[in-house]
Number of protein chains: 2
Amino acid sequence: MDTRERLIESTRELLWERGYVGTSPKAIQERSGAGQGSMYHHFHGKPDLALAAIARSAEETRGRAEAELGGPGSPAGRIAAYLRREREALRGCPVGRLSQDPDVMADPRLRAPVEEYFTWLTGRLAGLLDEGRASGELDPGLDPAATAAALVAVVQGGYVLARAAGSAEAYARAVDGALALLMAHARPSARPAHPPVRTAHPSARPAGPSARPAGPSARPLRKEGR
Amino acid sequence: MDTRERLIESTRELLWERGYVGTSPKAIQERSGAGQGSMYHHFHGKPDLALAAIARSAEETRGRAEAELGGPGSPAGRIAAYLRREREALRGCPVGRLSQDPDVMADPRLRAPVEEYFTWLTGRLAGLLDEGRASGELDPGLDPAATAAALVAVVQGGYVLARAAGSAEAYARAVDGALALLMAHARPSARPAHPPVRTAHPSARPAGPSARPAGPSARPLRKEGR
DNA sequence: GTCTATAAACGGATAGAC
DNA sequence: GTCTATCCGTTTATAGAC
């Protein structure tokens, strides 16, 4: 890996860990092993280097999301796989983190990759939800755009909860809760097989929207008991 | 308001806007109108002043939440009121923001109020959900702890989406999506009479590729038969 | 209680030698 | 391309006068 590359990668790490304000050129140089001169030879300054790092992080994060969202399985299954994917919850989201940084959001060039990432991700999930609706896997009453926004928010908020609690479990709990809510809108046949899924679905019920069978075992989709 | 008080309030604002790393004693002094000497007379240094500010922000934020959560109405109704409460979505959460700050989370004293706030809030919501289950308002199949975590995450993630999009509407959309999922687990009689969850903001959200079918907007969130 | 003076380290960068 | 030297402002205080 050449110097330029090491500078970008080190900046990506530092932006992830400490944000833009918390990341100094000196720290970047130390982590990358590059000198003052090298850094300013390859980049015009901190914002320029940060732009390269942010753009790459956004692209990589998008690629990792697409690996799950574009993978095999039904739309709802792929969404669940994405949400549950192994994440370093305590480290937070390398892209979402930047949204909290006023200096990043104040600079249109630095901000663009962040905005685009979330626009893409929300749209991608909305498309999958719509696909699931069309195929009959999901309740046609679902609003794809709003549901997608809620799911993306759960992921981002899950990171907040995990960091606040000092435990990655808080992330898993939030995602589990959201998936349980979502999967209640899926056809029983489309739900994952492993958990003891016997929840009565509206379509499985004879009639009457209020007929909530009070079965205590009717818990949708849980990863671990609690 | 005396000098000590102005120092705390100015620090609260700055922590909210710029985070801990982004907040310098100098900026605090300028905003509060206090001099160097005053600040170090009333507080031992930046961490000490930050602690006072963080503790107060956590307490105040909790109080504002309790105002909705402990208000009138059914459990689900109070939760909906809390989630939809007018928020300055673009400013983010004064408490949640701190969870992204490594220097805050690294200091147990600064971190404690943040952790406690989220523990309390999640527990409070879980209690309400449980109450709703017991009263028959909510589906007994709901997992209160996981659902509560998901809802808190939606709020926190909603702030991220709003900031990323540069629009408070993104927050509203995420909350709407989450409430729609939740309310599908409520007895119809317990659901809001007026149309689903849609905030009355001046600018209507752009109808995505997946605008809802032209059915009556007042129809139940969850389809009854299929 | 509040003010000014002083200071060592850091932040963010430029200039020029090699 | 990389290194060292230099620069000016900021950060985060401490000391002591008023």
Side-chain angles (χ1 to χ4, degrees), chain A residues 1-56 97-98 100-111, chain B residues 1-56 97-98 100-111:
Chain A
M1 192 157 55
D2 65 1
T3 300
R4 188 191 152 87
E5 202 59 23
R6 289 202 319 275
L7 281 164
I8 294 178
E9 290 302 313
S10 298
T11 304
R12 293 216 299 144
E13 292 172 16
L14 284 164
L15 286 179
W16 192 2
E17 293 167 17
R18 315 219 6 106
Y20 184 83
V21 261
T23 297
S24 69
K26 188 183 182 188
I28 294 169
Q29 291 151 26
E30 279 167 1
R31 185 168 300 209
S32 66
Q36 196 91 308
S38 292
M39 191 191 118
Y40 284 100
H41 170 73
H42 290 288
F43 298 94
H44 293 145
K46 180 177 167 177
D48 186 38
L49 177 46
L51 175 57
I54 291 172
R56 180 174 297 181
R97 199 222 196 281
L98 301 168
Q100 302 302 309
D101 212 309
D103 292 355
V104 170
M105 300 318 277
D107 183 334
R109 308 221 318 139
L110 297 182
R111 179 205 177 122
Chain B
M1 194 158 53
D2 65 1
T3 300
R4 187 190 151 86
E5 201 58 23
R6 289 202 320 273
L7 282 165
I8 294 177
E9 290 301 314
S10 297
T11 303
R12 294 217 297 144
E13 293 172 16
L14 284 163
L15 286 179
W16 192 1
E17 294 167 16
R18 316 221 4 110
Y20 185 83
V21 263
T23 297
S24 69
K26 189 184 182 187
I28 294 169
Q29 291 152 25
E30 280 167 359
R31 186 168 300 209
S32 66
Q36 196 90 309
S38 292
M39 191 192 117
Y40 284 101
H41 170 74
H42 291 288
F43 299 94
H44 293 147
K46 180 177 167 178
D48 187 37
L49 177 46
L51 175 57
I54 291 172
R56 179 174 298 180
R97 197 221 198 280
L98 301 167
Q100 302 301 309
D101 212 308
D103 292 354
V104 169
M105 300 317 278
D107 183 333
R109 309 219 318 137
L110 297 182
R111 178 205 177 124

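Here the structure is a predicted model, which is why all the values come from computation and not from measurement. By convention in this document, chain letters (A, B, ...) are assigned in the order of the sequence lines, proteins followed by strands, and residues within each chain are numbered from 1.
Rounded to an integer number of Å, the gap from B/L7 CG to C/dG1 P is 13 Å. Between the CG atom of A/L49 and the P atom of C/dG12 there is a distance of 12 Å, rounded to whole Å. Taking atom CD of B/E5 as the reference point, atom C1' of C/dG1 lies 16 Å away to the nearest angstrom. Between the CZ atom of A/F43 and the C1' atom of D/dG1 there is a distance of 13 Å, given to the nearest Å.
Contact annotation: B/T3 side-chain N/O to C/dT2 OP1/OP2 distance is under 4.0 Å.
Both A/M39 and B/H41 lie close to DNA chain C; mapped to their nearest nucleotides by heavy-atom distance, the more 5′-ward contact belongs to B/H41.
Between the side chain of A/R18 and the backbone N or O of A/T23 there is no donor-acceptor pair closer than 3.5 Å.
One finds a salt bridge joining B/R12 and B/E9 here, because a Lys/Arg side-chain nitrogen approaches an Asp/Glu carboxylate oxygen to under 4.0 Å.
In terms of heavy-atom proximity, B/Y40 sits nearest to B/G45 at CE2-CA, 3.8 Å. Considering all non-hydrogen atoms of both residues, A/A53 and A/L15 come closest at CB-CD1, 3.9 Å. When every heavy atom of B/I8 is checked against every heavy atom of B/F43, the shortest pair comes out as CG1-CZ, 3.7 Å.
Listed by first and then second residue, the salt bridge (charged side-chain N to carboxylate O under 4.0 Å, His left out) pairs involving residues 28-43 of chain B are B/E13-B/R31, B/E17-B/R31 (not counting sequence neighbours).
Checking C/dG1, D/dC3, D/dG1 against every side-chain atom of B/H42, the shortest atom distance belongs to C/dG1.
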Going 5' to 3' through nucleotides 11-18 of chain D and flagging B where a protein heavy-atom sits under 4.0 Å of the base, S where only the sugar-phosphate is that close, and - otherwise, we get SBBB----

